[in-house]
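Below you'll find the structure, written out as C-alpha cells, and then a few comments.
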Amino acid sequence: MTQKKFIDSPYVEQMCKITHGLYVHGWDERNGGNVSYRLTEEEVSQYVDTDKVLRNEPIDFDASELAGQYYLVTGTGRYFKNVIDNPEGDAGLVQIAADGHSVDIHWGYNDGAQPTSEFPAHLMTHINRQHVDSKQRIVMHCHPTNLVAMSFTVPLNEKIMTRILWKMQAESIVVFPEGLGVIPYMTPGTNAIGEATAEKMKDFRLVLWPQHGVFAAGDTMDETFGLIETIEKAALIYTTIQSQGGNILQEITDTDLADLTTRFGLKPNPEYMVGDSLVTGK
Ligand code: 13P
Ligand code: ZN
C-alpha cells in the first residue's frame with residue numbers, strides 16, 4: 001500500500017492557505033508570525049510513519065504535559081509569503097518527546113529549519129487552552145497593524161481596550177465575548193512571554209502583545225483567523241475614527257451591548273459590560 005503523502009494532506013493545505021492569508025493581509029511581514037496546529041495520532045498516521053524520526057530538536061522548557069502530541073508548526077525565520085510554495089521547508093510536523101524537553105521531527109524542516117522561536121508561547125498556550133476546551137487545536141501569532149498601533153495610544157488595560165473594540169462594530173462582542181487579554185511589553189521568543197501569554201489564555205482567546213502583535217487560539221484555522229480578522233477590523237475602524245478627527249458623536253451603548261448578549265446568547269465578562277461612554281468619556 002502506498003501511503004498518502006503528508007504534503008498532500010488537508011492539514012498542510014490549511015497551513016499554506018492561512019499563512020498566505022496572514023501575509024496578504026499585511027499582518028506578517030518578513031518572518032513575522034507563527035502558527036501551530038495540533039493533530040491527532042489518527043490523523044498523522046494516515047500519512048506519516050510515526051516510528052520514523054527525521055531528527056530530534058531540544059526545547060528549553062518542560063512540555064511534558066503535551067508528551068506524545070503532534071503539532072504542525074511554522075519554522076523560525078521563515079517568511080509567510082513563501083510557505084505556500086515551500087511547506088516542507090518552512091513548516092514541520094513535530095511530536096513532543098516523552099520527557100517534554102525535545103521534539104521529534106516527523107516531516108518537514110527539510111533544509112534544517114526549526115520550530116518558531118515562539119514555540120514556548122505556543123505550547124504553553126496549547127496546555128492552558130486544552131484545559132479550557134479539548135477541541136482547541138490552533139494557536140496563531142501575527143502582527144496586525146491597527147491593533148498594534150492601538151497599543152501605543154490606548155492604556156494597556158483589558159477593560160478599556162476591550163470596550164473600545166466591542167464598540168467599534170456590533171460583531172466584536174459576538175466574536176470575542178471574553179474580550180482581549182493584555183500583557184506588558186515583553187521580549188519575544190522567551191519563556192517569560194510564553195508564561196505570561198499562557199496565563200492570560202486561561203481566560204481569553206486573544207492576547208495583545210503591546211508594540212508587537214497578537215496571540216489567538218481556537219478550534220480551527222478559520223475560526224482562529226476569524227478572531228484576528230474581527231479584532232483587527234475593530235482596530236481599523238478605531239484608527240479611521242481617529243484620522244477623521246476622533247470626535248465620536250454616537251456609539252454602540254452599554255444597553256446595545258447587553259442586547260447583543262441576549263440576542264446571541266453570549267456570556268461576556270460582566271466587568272466589561274458597563275463603563276465610560278466613548279461619546280462623553282464618562
Ligand atoms: P519566528 O520567525 O521565530 O516564528 O518569529 C516571528 C515572530 O513573529 C516573533 O514574534
Ligand atoms: Zn511576532
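Each ligand, and each atom within it, is numbered from 1 in the order the structure gives. All values below come from the heavy atoms of this structure, side chains included, with hydrogens, waters and symmetry mates left out.
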Under 3.5 Å, sequence neighbours excluded: what are the donor-acceptor pairs made by side chains of residues 111-118?
unit_1	atom_1	unit_2	atom_2	d
D111	OD1	R78	NH1	3.3
D111	OD1	R78	NH2	3.1
D111	OD2	R78	NH1	3.1
Q114	NE2	E57	OE1	3.1
T116	OG1	N34	ND2	3.0
T116	OG1	E118	N	2.9
E118	OE1	G189	N	2.9
E118	OE2	G189	N	3.2

Determine the interplanar angle of the H122 and H126 rings, folded into 0 to 90°, and report it as parallel if under 30°, tilted if 30 to 60°, perpendicular if over 60°. tilted
Please confirm whether the ring centroid of [X] lies under 6.0 Å from the ring centroid of [Y].
X    : Y    : result
Y70  : H106 : yes
H25  : F225 : yes
H143 : W209 : no

Taking atom 7 (C) of ligand 1 as the reference point, the nearest protein heavy atom with its distance: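 Protein heavy atom with the smallest distance to atom 7 (C) of ligand 1: N34 ND2, 3.5 Å.
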Which residues and atoms, protein N, O or S only, are under 2.8 Å from the Zn ion (ligand 2)? H141 NE2, H143 NE2, H212 NE2
Distance under 4.0 Å to a non-hydrogen atom of [X]: what atoms of ligand 1 satisfy this?
X    : result
S117 : 1 (P), 3 (O), 5 (O)
G77  : 1 (P), 2 (O), 3 (O)
H143 : 8 (O)
H141 : 8 (O), 10 (O)
H212 : 10 (O)
T116 : 1 (P), 3 (O), 4 (O)

Would one find an N or O of [X], backbone or side chain, under 3.5 Å from an N or O of ligand 1?
X    : value
T76  : yes
E118 : yes
G32  : no
G33  : yes

State plainly whether the residues [X] and [Y] are in salt-bridge range, i.e. N to O under 4.0 Å.
X    : Y    : result
R163 : D254 : yes
K17  : E13  : yes
K233 : E171 : no

Where the side chain of S151 meets the backbone of V148, is there a donor-acceptor pair that is under 3.5 Å apart?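 The answer is yes, because a donor-acceptor pair under 3.5 Å joins these two groups.
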Please check: side-chain N/O of E43 versus main-chain N/O of T40, any donor-acceptor pairing under 3.5 Å?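 Judged by distance alone, yes, a pair lies under 3.5 Å.
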Which bit of N31 gets closer than 4.0 Å to ligand 1, counting heavy atoms only: side chain, backbone, both or neither? both
Checking E178 now: which residues fulfil side chain to side chain contact (heavy atoms under 4.5 Å, CB included) with it, not counting sequence neighbours? F176, F204, R205
In residues 269-277, what donor-acceptor pairs under 3.5 Å come from side-chain atoms, sequence neighbours left out?
unit_1	atom_1	unit_2	atom_2	d
N269	OD1	E271	N	3.0
S277	OG	E251	OE2	2.6
S277	OG	V279	N	2.9
S277	OG	T280	N	3.2

